[in-house]
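Structure, as C-alpha cells:
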Protein chains: 2
Amino acid sequence: MDSRPELGTVFDEIAIMVRRLSTAGQLNMTAAAVLARLRRKGPQRLTELAICEGVSQPGMTQLVTRLEREGLARRTPDASDRRVVLVEATPEGLDLVERRRAERAAALHELVGALSPADRAAIDAALPALTRLVEIHRES
Amino acid sequence: MDSRPELGTVFDEIAIMVRRLSTAGQLNMTAAAVLARLRRKGPQRLTELAICEGVSQPGMTQLVTRLEREGLARRTPDASDRRVVLVEATPEGLDLVERRRAERAAALHELVGALSPADRAAIDAALPALTRLVEIHRES
DNA sequence: TATTGTTATACTCTATAACTATA
DNA sequence: TATAGTTATAGAGTATAACAATA
C-alpha cells in the first residue's frame, strides 16, 4: 500500500487552486497566459502565440481582438513582412498581469503562513526543482 | 533584486502543464474535477457538486446530463427526500478517472526522470507540505 | 505556391431567469 | 414559503473551412 501523496494528484489540485486565486480582470486562462507571455517575451507574432498556447490561428485572432477591445493588447505591423501581425501588451495589459500576480502572491502568502515552519521550508527548498521541472516540460 | 522563482509563478506554470498532461476522454477541467470528486467521495447531491466546483446549479445539471449521456455518471433518487438527485460515477467513469491519473503520472514520471537526483529528492520531500497547502485552501 | 492572418459559421460550455415538484 | 432541480434562452469562447493579402 502506497499512501504517500502522489505528484500528479497534488499538481492537479494545485491547478484547481491557482485557477481560483487570481481573478482580477476576469480573464480566462488562455487570455491570462497570452498576456503573461507578452510581458515575459515582448511582442510576438500571432501565429507563434497560437502555437505556444495551443489554440488555433483563428482562435488567437479572436482572442487578440478581444484583448484589443479591452485595451489590454494591440496589433502592430511588421515592417519586414507585411503579412505578419505583431501583438504586444499595452501598459494597461501589463498592469493587469502584475495585479493578477500580486493577487495570487498575496493569497498564497496567507495560505503558506498557515503551514508549519518545516512545511514552509520544504516548499521553499523545492522551488528551484519545480521550476526546472516546468522548464523541461515547456521544452518538450 | 530577488531572482528566486516565485511560488505563484511556479504554480501558475504547473497549472498550465497539468492541463496538457491528461487528455484521455476529452473532458474539460470541470468535468474531470467532478468525476474525480465522485470517485473520492462517492455519490453527491447535484447542488453540492455545483457549489464545490464553483458552477451554477443549472450549469451542473447540464454537466451531469453530458456525463450521463457519455455513460460516465448516473443520477439516482434520494429515498428520504424526493426533490434530491444523487449523482454517482459509473464504472466507466471511474475507469476514465483512473486512466487520466495514470496518464498524468506516466508523463510526470518521465519529466521527473530528467531532473537531477537532488531535484527529485527536493520535490519528493515537499510533497506532504504541498498536500497540506492544498488542503488549507480547500477548507477556506 | 506557400504562408500569415481574417471572416464565416457552427458547436460546446455556462450563466441568469423562469418554471416544476417536493418539503 | 423555501428548497432541489430542470428548462429556456443568451452570450462567451473556440474550432474548421473558406478566403484575402503578401512572400
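The figures that follow rest on heavy atoms only: side chains count, while hydrogens, waters and symmetry mates do not. Note that the coordinates shown come from a computational prediction; the quantities given were computed from them, not determined experimentally. A note on names: the letters A, B, ... follow the listed sequences, proteins ahead of strands, and every chain is numbered from 1.
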Side-chain donor or acceptor of [X] paired with backbone N/O of [Y] under 3.5 Å:
X: A:Gln44; Y: A:Leu38; value: no
X: B:Gln62; Y: B:Pro58; value: yes
X: A:Arg100; Y: A:Ala24; value: yes
X: A:Glu88; Y: A:Arg75; value: no
X: A:Thr90; Y: A:Gly71; value: yes
X: A:Arg120; Y: A:Leu115; value: yes

- Item | Heavy-atom side-chain proximity of B:Ile16 to A:His137 below 4.5 angstrom | no
- Could you give the distance from CG (B:Leu108) to CD (B:Glu103), rounded to the nearest 0.5 Å? 11.0 Å
- For DNA chain C, the residues among residues 68-75 of chain B that have a non-hydrogen atom under 4.0 Å from it: none
- Do any of residues 38-55 of chain A sit with a heavy atom less than 4.0 Å from DNA chain C, and if so which? A:Arg45, A:Leu46, A:Thr47
Using only side-chain N and O atoms of [X], determine if any of them is under 4.0 Å from OP1 or OP2 of [N].
X: A:Thr65; N: C:dT6; answer: no
X: A:Thr61; N: C:dT6; answer: yes
X: B:Arg66; N: C:dC13; answer: yes

[X] [atom1] - [N] [atom2] separation (whole Å):
X: B:Asp81; N: C:dT20; atom1: CG; atom2: P; answer: 20 Å
X: B:Gln62; N: C:dA17; atom1: CD; atom2: P; answer: 15 Å
X: A:Asn28; N: C:dT14; atom1: CG; atom2: P; answer: 12 Å

- Message: Please pick, from C:dT16, C:dT22, C:dT4, the nucleotide with the shortest atom-to-atom distance to any side-chain atom of B:Arg83.
- Response: C:dT22
- Message: With a strict under 4.0 Å distance from non-hydrogen atoms of chain A, what nucleotide opens and what nucleotide closes the contacted stretch of DNA chain D, reading 5' to 3'?
- Response: D:dG13 to D:dA23
- Walking DNA chain D from its 5' end, the first of A:Leu63 and A:Ala79 to be reached, judged by nearest nucleotide, is A:Leu63
- Note on the structure: Of A:Ser80 and A:Ser56, the one whose nearest nucleotide on DNA chain D sits closer to the 5' end is A:Ser56
- Task: Report the C-alpha separation of B:Arg138 and A:Glu13 in whole Å, then their side-chain angles, then the decisive distance to 0.1 Å, and conclude whether the side-chain contact (heavy atoms from CB on, under 4.5 Å) test is met.
- Result: CA-CA 9 Å; B:Arg138 219 180 328 179; A:Glu13 283 164 2; 3.6 Å; yes
- Task: Answer with yes or no whether the side chains of B:Thr47 and B:Gln57 bring together a donor and an acceptor at under 3.5 Å.
- Result: yes
- Query: Hey, is CD on B:Glu110 packed in by over 12 heavy atoms from elsewhere, all under 6.0 Å?
  - Reply: no
